Amino acid sequence: MAELTLKDVSYIYSAGTPFEKKALDNVNISFKSGVITGLIGHTGSGKSTLVQLLNGLLEPTEGTILLDGEDIWKNPKDITSVRFKVGLVMQYPEYQLFEETVRKDIAYGPTNMKLEKEEIEKRVSEAAFFCGITDEYFDKSPFDLSGGQKRRVAIAGVMAMKPGILILDEPAAGLDPIGREEILGGIRTFQRQTGTTVIIVSHSMEDMAVYCDEIVVMNKASVYMQGKTSDIFAQSDKLIEVGLDVPQITHLFKKMRSMGLNVPENVFTVDSAIKATLLALEKRGGAR
Amino acid sequence: MIRDITLGQFFPGNSVIHRLDPRMKIILTVVFIVFIFLAESAVSYALMFLAVVLLLIISKLPLKPVLRGIKPIMFIIVFTAVINIFWTKGDHLLVEWKFIHIYAEGLLFAFYMVLRIVCLITGTSILLTYTTSPINLTDGIEQLLAPLKKIKLPVHEFSMMMSIALRFIPTLIEETDKIMNAQKARGADFTSGSLLRRAKALIPVLIPLFVSSIRRADDLATAMECRCYRGGSGRTRMKSLKYKALDFIFLFITVLMCAGVVLINIYLPVLVV
């Protein structure tokens with residue numbers, strides 16, 4: 001389990017030029033370890049900048065980023081080792097595949113870590129398992145796979161480095177519902193079995209409600225809210241204020257309540273909605 | 001980092017130079033180059049320098065980026081200067097040490113050569129690249145080359161290819177940046193090790209870049225096909241170029257300067273004033 005903390009972090013793009021743009025403004029945040037944290041925010045709120053700062057692709061203009069209590073930029077030459085500890089899957093990661101076979105591509109990260117051959121192979125099959133890549137794909141070219149499969153291979157490539165913290169920027173963007181479930185479900189299984197700290201950036205409130213334990217809301221270059229998923233989605237007004245939303249099902253249940261139906265207020269996932277509806281029906285039946 | 005590379009920098013603006021017809025600007029650039037190579041005496045060099053300064057003033061461009069344009073050719077400038085200083089023979093010996101002889105003429109020639117190169121680069125870039133948008137530039141080239149259609153040269157296709165290439169340079173730079181970041185996140189190291197190691201480290205960037213470029217080209221071709229693109233024949237344009245009085249005034253001045261330099265070369269052929 002790894003601990004990631006940001007202290008007074010600011011980041012300015014093109015500092016000192018007329019195109020200067022403050023992407024992060026004095027951000028203080030600590031990511032809870034051993035859980036899945038969802039990072040949400042309107043376009044341009046600084047989410048992508050934040051995740052790139054977390055694994056040292058960008059260096060903060062001001063402030064420090066602490067990984068297990070140590071400044072990640074203490075030794076700039078050693079930043080690659082930070083990137084092994086904080087794995088980042090960028091947006092549309094399927095475009096980064098390059099090797100001849102799926103196996104070799106997943107092994108690229110672990111090979112860069114200079115691990116033993118057996119260890120690499122072990123990690124490749126583990127990561128492939130979590131991402132739902134079966135053995136028959138191992139010797140295929142990654143370019144022959146479908147979009148969703150490519151995406152899963154790319155995610156496996158980062159998982160195989162066994163980072164203490166895994167960050168995924170929009171891992172399910174542009175996929176069909178089944179593809180989304182396969183990827184996010186795999187990430188959750190991976191998290192539950194390894195205890196890795198996971199941070200997921202997403203625009204889908206539905207996915208966040210189902211898969212995340214914690215939520216961080218970004219707005220205008222700073223942290224707007226942070227807390228348990230249920231606590232955050234219970235404050236729908238505050239979310240709508242910054243151009244975000246709550247899951248559709250939550251809207252539906254609010255509407256049902258306002259129509260005088262006796263259903264609970266805070267329902268965020270379809271599963272819990274089904275349970276709540278059944279419970280409400282039972283009560284009604286009992287009353288009759 | 002990679003984003004900092006500037007290519008054919010265009011500075012949007014509305015100065016007299018910006019408003020010139022791109023075709024005329026290309027012609028003017030050619031005449032200007034001829035003018036620079038005709039200059040042979042002190043007076044014409046002064047005239048040449050003055051012309052560039054005037055161009056800079058009326059184009060209203062910021063001085064800094066224009067001067068930065070000289071940086072890439074610094075090596076050529078220094079090389080030319082050194083060659084001229086040490087290898088020009090003359091009557092006025094300044095320094096003599098072992099096999100090194102430096103003549104006053106050498107210094108003067110070196111100075112003129114450097115001035116000539118600097119004026120050539122800044123003058124042409126003010127006239128063309130800094131003040132003409134890439135689209136206008138390719139339009140201008142296309143129309144100037146239009147007569148070549150008579151001998152069955154695919155002029156329109158050529159200029160379309162050029163516009164597309166220019167259009168995709170920023171996209172490719174952005175894409176490269178993204179892929180490099182993705183591979184860095186997987187532990188790629190582009191900055192250390194021997195030259196061979198670094199070249200090898202680029203393979204994980206180049207392959208995805210090629211793949212996505214080909215995919216992009218394919219998508220673009222389909223999109224153009226969907227909008228019934230059939231090449232140049234029978235195609236009209238949204239913005240048709242028209243010469244204005246201003247264009248001819250500039251042409252007149254430039255030609256006049258050329259003639260002036262020829263006359264100066266004949267009647268005032270002195271190197272030092």
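Proteins get letters first, then strands, A, B, ... in listed order; numbering begins at 1 in each. Worth saying up front: this structure is predicted, and the values here are computed from it rather than measured.
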Inset, instruction - Answer yes if the side chains of A/D78 and A/T80 hold a donor-acceptor pair under 3.5 Å, and no otherwise. - result: no
Inset, instruction - Enumerate by number any residue of residues 86-113 of chain A whose heavy atoms lie under 4.5 Å from heavy atoms of chain B; in the absence of such residues, state 'none'. - result: A/L88, A/M90, A/Y95, A/Q96, A/L97, A/F98, A/D105, A/Y108, A/G109, A/N112
Inset, instruction - Classify the side-chain pair A/Y13/A/T49 by whether it contains a donor and acceptor separated by less than 3.5 Å. - result: yes
Legend entry - Pair A/D169-A/S48, side-chain donor/acceptor within less than 3.5 Å: yes
Legend entry - More than 12 heavy atoms of other groups within 6.0 Å of B/F210 CZ: no
Inset, instruction - Please determine, among B/A182, B/G187, B/A188, B/S212, the option with the most heavy-atom pairs under 4.5 Å with chain A. - result: B/G187
Inset, instruction - Establish, from distance only, whether the side-chain atoms of B/S163 and B/T138 form a donor-acceptor pair under 3.5 Å. - result: yes
Inset, instruction - Verify whether one side chain among A/S146 and A/Q149 offers a donor that lies under 3.5 Å from an acceptor in the other. - result: yes
Legend entry - ring-ring contact (aromatic ring centres under 6.0 Å, His included): pairs with one or both residues in residues 37-84 of chain A, sequence neighbours excluded: none
Inset, instruction - Verify the neighbour count for atom CZ of B/F79: are there more than 12 heavy atoms of other residues, nucleotides or ligands below 6.0 Å? - result: no
Inset, instruction - Report, by ascending residue number, the residues of residues 202-209 of chain B in heavy-atom contact with chain A at a distance under 4.5 Å; give 'none' if the set is empty. - result: B/P204, B/I207, B/P208
Inset, instruction - May I ask you to check whether A/T196 and A/T194 show a side-chain donor-acceptor distance below 3.5 Å? - result: yes
Inset, instruction - Scan for salt bridge (charged side-chain N to carboxylate O under 4.0 Å, His left out) pairs involving residues 204-230 of chain B, sequence neighbours excluded, and state none if there are none. - result: B/E175-B/R216
